[in-house]
Amino acid sequence: MAPVLPVVLPLQPRIRLAQGLWLLSWLLALAGGLTLLCSGHLLVQLWHLGTFLAPSCSFPALPQTALAAGAVALGTGLGGAGASRASLDAARYPPWRGVLSPLLAAGTAAGGGLLALALGLTLVLPVSLHQGLEEGLEAALAHYKDTEVPGHCQAKRLMDELQLRYHCCGRHGYKDWFGVQWVSNRYLDPSDQDVVDRIQSNVEGLYLIDGVPFSCCNPHSPRPCLQSQLSDPYAHPLFDPRQPNLNLWAQGCHEVLLGHLQGLSGTLGSMLAVTFLLQALVLLGLRYLQTALEGLGGVIDGEGETQGYLFPGGLRDILKTAWLQGGTAHKPAPEEVPPEEEPPKEVLPEA
């Protein structure tokens with residue numbers, strides 16, 4: 001059977017192949033390490049922002065898969081560097097002869113599969129991130145007032161820290177706070193007629209005001225922060241409600257967080273693509289080096305030419321042979337039939 005994609009490798013090309021593989025393997029190890037760092041950083045960011053993501057959001061699957069792929073790529077790179085360097089010394093190579101086949105199988109199946117899956121997730125999951133932030137931020141605004149409700153006691157603190165850290169206000173803008181009650185009933189004066197009128201005028205009995213929490217205020221504004229009566233053009237002198245960015249954060253938190261997380265996932269996707277390319281090159285080179293050295297008994301500076309290849313026979317022949325061997329293995333052996341005894345010959349009397 002003719003081997004698949006054979007390449008004739010004389011002495012000097014064999015040595016250059018081993019040296020080039022050593023360099024590529026270290027680059028793969030570096031890329032795998034950077035993939036680990038990028039995916040770990042994205043996981044930490046998602047852990048901090050988990051309150052503002054819907055539980056059904058599947059976006060965290062991306063850094064988790066990339067973390068596993070980066071670990072496999074790092075191991076493949078370190079193994080490839082060790083094998084390629086050992087191949088240059090006939091005394092050091094024999095222990096690696098039994099390691100290369102499992103390394104190639106694991107790098108191809110586990111590493112290649114995980115890298116391909118992670119690259120696919122970078123293209124699909126941003127849609128899930130958009131919807132997850134929509135639902136998560138909506139719930140965060142609704143629970144802002146629930147400082148004494150079990151399970152939501154930290155909602156106000158987390159939302160204030162988010163708006164101050166990322167310089168954003170509301171879900172899509174400061175007016176989102178106008179549609180939710182963000183002041184707890186505990187701090188409302190039931191004897192105040194304005195409070196009573198606002199609650200009674202709302203179908204759901206909510207206390208809604210045209211104001212925002214303090215964390216929406218822009219400290220770079222030259223004037224004191226204006227938090228209430230933002231819809232009234234006459235409530236504050238020299239304040240134009242059509243230009244609230246002069247006093248409040250202009251962007252909504254959904255836009256800011258979406259851009260931040262998509263930027264991190266884009267960087268991770270670029271690292272995954274580079275790692276996938278390097279891993280493919282290293283695995284192909286290791287396979288050619290392995291098969292070439294097997295033809296020389298593991299001695300790279302052996303005399304004469306040798307041939308490196310991917311598979312020892314054509315794919316069609318390999319599948320046909322495996323099918324025939326499998327069929328033979330499952331086919332019951334015919335029962336042995338004892339040979340029939342010949343009837344004794346009659347001896348005629350002599351005349």
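For the numbers below, each heavy atom of this structure counts, side chains included, while hydrogens, waters and symmetry mates do not.
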Given V44, L121, L46, L264, the one that forms side chain to side chain contact (heavy atoms under 4.5 Å, CB included) with P63: L46
Locate the shortest heavy-atom distance separating Q227 from P213; write the atom from each residue and the value. NE2-C, 3.4 Å
Are L34 and L114 linked, directly or through other ILVMFWY residues, by side chains that come within less than 4.5 angstrom of each other? no
Has the side chain of N247 got a donor or acceptor atom that lies under 3.5 Å from a matching backbone atom of P224? yes
May I have the step-by-step check of side chain to side chain contact (heavy atoms under 4.5 Å, CB included) for L42 and W47, ending in yes or no? CA-CA 9 Å; L42 182 54; W47 180 72; over 6 Å; no
Hey, are the side chains of L53 and L257 touching, using non-hydrogen atoms and a 4.5 Å cut-off? no
Main-chain N/O of W249 paired with N218 side-chain donor or acceptor, under 3.5 Å: no
Do you know which two heavy atoms are closest between L129 and C57, and how far apart they sit? CA-SG, 4.1 Å
Test item: S128 side-chain N/O and V124 main-chain N/O as donor-acceptor pair under 3.5 Å: no
Which atom of L74 lies closest to which atom of A29, heavy atoms considered: CD1-O, 3.3 Å
Test side chain to side chain contact (heavy atoms under 4.5 Å, CB included) applied to L141 and M159, step by step: CA-CA 8 Å; L141 265 67; M159 191 66 200; 3.5 Å; yes
Looking only at non-hydrogen atoms, find the nearest pair between G205 and Q181 and report the distance. O-OE1, 4.4 Å
Polar side chain donor-acceptor pair, E255 to H260, under 3.5 angstrom: no
Side chains of W26 and L78, heavy atoms from C-beta outward: is any pair under 4.5 Å? yes
Any side-chain donor near an acceptor of the partner, Q154 and R157, under 3.5 Å: yes
Taking the six-membered ring where the residue is Trp, are the ring centres of Y144 and W177 under 6.0 Å apart? yes
Report yes if some heavy atom in the side chain of L208 is under 4.5 Å from a heavy atom in the side chain of F178; otherwise report no. no
Scan side-chain atoms only and decide if S265 and T122 contain a donor-acceptor pair under the 3.5 Å cut-off. no
Within the structure provided, determine whether L230 and L248 are in side-chain contact (heavy-atom separation under 4.5 Å). yes
Would you say the side chain of D210 lies within less than 4.5 Å of the side chain of Y174, judging by non-hydrogen atoms? no
Honestly curious: do L62 and L258 fall in one hydrophobic cluster under the side-chain, below-4.5 Å linking rule? yes
Interatomic spacing from OH in Y207 to CG in D194 - rounded to 0.5 Å: 5.5 Å
To the nearest 0.5 Å, what is the distance between CG (L268) and CE (M271)? 8.5 Å
Considering only heavy atoms from C-beta outward, does the side chain of L162 approach that of L137 to under 4.5 Å? yes
For A73 versus L28, what's the shortest heavy-atom pair and its separation? O-CG, 3.6 Å
Please walk me through it: do L49 and L261 pass side chain to side chain contact (heavy atoms under 4.5 Å, CB included)? CA-CA 10 Å; L49 299 173; L261 294 176; 4.2 Å; yes
Single-linkage hydrophobic cluster V274~L21, side-chain heavy atoms < 4.5 angstrom: yes
To the nearest 0.5 angstrom, please state how far the NZ atom of K156 sits from the NZ atom of K145. 13.5 Å
Look at the side-chain heavy atoms of Ile, Leu, Val, Met, Phe, Trp and Tyr, link any pair under 4.5 Å apart, and say whether L158 and L133 land in one connected group. yes
Evaluate whether atom CD of Q193 has more than 12 neighbouring non-hydrogen atoms of other residues, nucleotides or ligands under 6.0 angstrom away. yes
If you count every heavy atom of other residues, nucleotides or ligands that lies below 6.0 Å from R198 atom CZ, does the total exceed 12? yes
Would you tell me whether C253 and C169 have their SG atoms within less than 2.5 Å of each other? no
When rounded to the nearest 0.5 angstrom, what distance separates CG in L206 from OG in S201? 10.0 Å
Would you please test Q279 and F276 for side chain to side chain contact (heavy atoms under 4.5 Å, CB included) and show each step? CA-CA 5 Å; Q279 180 141 328; F276 184 85; 5.9 Å; no
Within the structure provided, determine whether H130 and H254 are in side-chain contact (heavy-atom separation under 4.5 Å). yes
Which pair of non-hydrogen atoms, one from W22 and one from S84, has the smallest distance, and what is that distance? CA-OG, 3.2 Å
Give the C-alpha distance, both sets of side-chain angles, the deciding distance and a yes or no for side-chain hydrogen bond (donor to acceptor under 3.5 Å, both in side chains) between H172 and E134. CA-CA 9 Å; H172 296 290; E134 282 280 354; 2.8 Å; yes
Inter-residue atom distance L103.CG - R287.CZ, 0.5 Å rounding: 12.5 Å
Counting only heavy atoms not in W182, do more than 12 sit closer than 6.0 Å to its CH2 atom? yes
Out of curiosity, I199 CD1 to L188 CG, how far, rounded to the nearest 0.5 Å? 5.5 Å
With clusters defined by side-chain heavy atoms of hydrophobic residues (ILVMFWY) lying less than 4.5 Å apart, directly or transitively, does V72 cluster with L272? no
With a 4.5 Å cut-off on side-chain heavy atoms, are Q19 and L23 touching? no
